[in-house]
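Keep in mind the model is a prediction, meaning the values are calculated, not measured. Each ligand, and each atom within it, is numbered from 1 in the order the structure gives.
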Amino acid sequence: MSCDFLTLAVDGVRLLQPYEPGKPIETLERELGIRDSLKLASNENPLGPSPLAMAAMQRQLGKISVYPDGNGFALKAVLADYHRVGRECVTLGNGSNEILELVARAFLRPALNAVFSRHAFAVYSIVVQAVGATARVAQPNAPEHAMPFGHNLQALGKLVDGETRVVFVANPNNPTGTWINGAQLRQFIRELPATTLVVVDEAYFEYVQASDYPNAVAWLAEFPNLIVTRTFSKVYGLAGLRIGYGLSHPAVADLLNRVRQPFNTSSVAQAAALAALDDAGHVARSREMNNAGLVQFAGAFEARGLSFIPSVGNFICVDVGRDASAVYQALLREGVIVRPVASYELPEYLRVTIGREDQNRRVIDALDKVLSP
Ligand SMILES: *Cc1c(COP(=O)(O)O)cnc(C)c1O
């Protein structure tokens, strides 16, 4: 007789809800027996990766029988140069999600807490709960705020106490797309206790055009308790490869490196990331296409009287004015996969990843069809 494994699991794990990823195209097409569907649900780059990254991966495949450089010497050196920090400040991760997990494992435990905002990126609560620490969830900005549902730094700060080891701030946040300006974020970090680490998650950094949007990497020398995370999953178009990194004080990086697996990033991923950093043109083209798409969606939503959350990411949340799960399902039948965000406590919103012009048009046409009375 098998035993009740649920009772054996540690407290934090027993209460966890698994992360809900966007529906894969193959799954939808299998379920509905359709083809040519479109997925704009997981904030992937519609241009794909740089050709330089593709070529680097291909070259690396010939050496796949050999373990990767566990310390990622070459990639760390280039990242350190790129960001003008010491090599010992860099931690490579299997996606930047792994960095978030390493922070939780290195610094949190039961009786300690982590602070983040309601509607913040789902992985924060998962990594905090998994190690049995307490998640303190701050009230977000009000719906009528200029950054509706975004992080409210005052509310976050009020939840911080002597047992708070980590504060997670996504800038911009996913799924809201809202951001925090440089002056306010810097002041917030300055006022944190020295014993509280702050993770500034900049997964969408390269996309952001807002003039008051900060590069938190510039503050690393000033704040030893700051960890900035970046990823190759978004603008670099390498989500399937799983590579991201953290930048921090060397003492913090040393601790993160103690808990990671020895070969947490693959040799192919390291090679691709290195090459991707060389293709500034690809990043610029991706950013331009994204900006055009943000404008396209905003215009279309306005024309239809649909409110939306202003976004600087490669996605935008639209208020469909009713339970969004039915709209999501109806869009699936049109072969269009977007992301319902009820699990983020935004039950009347859908998050749409910005695609190419024709892809965005298809989403808008499908929305017209399913929202028409
Ligand atoms: C997509 C995303 C990430 C990146 O995850 P990876 O593990 O690097 O693929 C991190 N933070 C936020 C807020 C995101 O939306």
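Hydrophobic clustering, with ILVMFWY side chains joined whenever heavy atoms are under 4.5 angstrom apart, groups V336 together with I25. Under the 4.5 Å side-chain heavy-atom criterion for Ile, Leu, Val, Met, Phe, Trp and Tyr, F168 and F149 are members of the same hydrophobic cluster.
Closer than 4.0 angstrom to ligand 1 by heavy atom are G95, S96, N97, F121, N174, D201, A203, Y204, T231, S233, K234, R242, sorted by chain and number.
Within the 6.0 Å centre-distance limit, the rings of Y245 and H83 are counted as a close aromatic pair.
Under the salt bridge (Lys or Arg N to Asp or Glu O under 4.0 Å) criterion, R230 pairs with E202, sequence neighbours left out. Residues meeting the ring-ring contact (aromatic ring centres under 6.0 Å, His included) test with Y328, sequence neighbours left out: none.
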Distance-only donor-acceptor hits, side chain of residues 10-17, under 3.5 Å, sequence neighbours excluded:
unit_1, atom_1, unit_2, atom_2, d
D11, OD1, R14, NH2, 2.8
R14, NH1, A9, O, 3.0

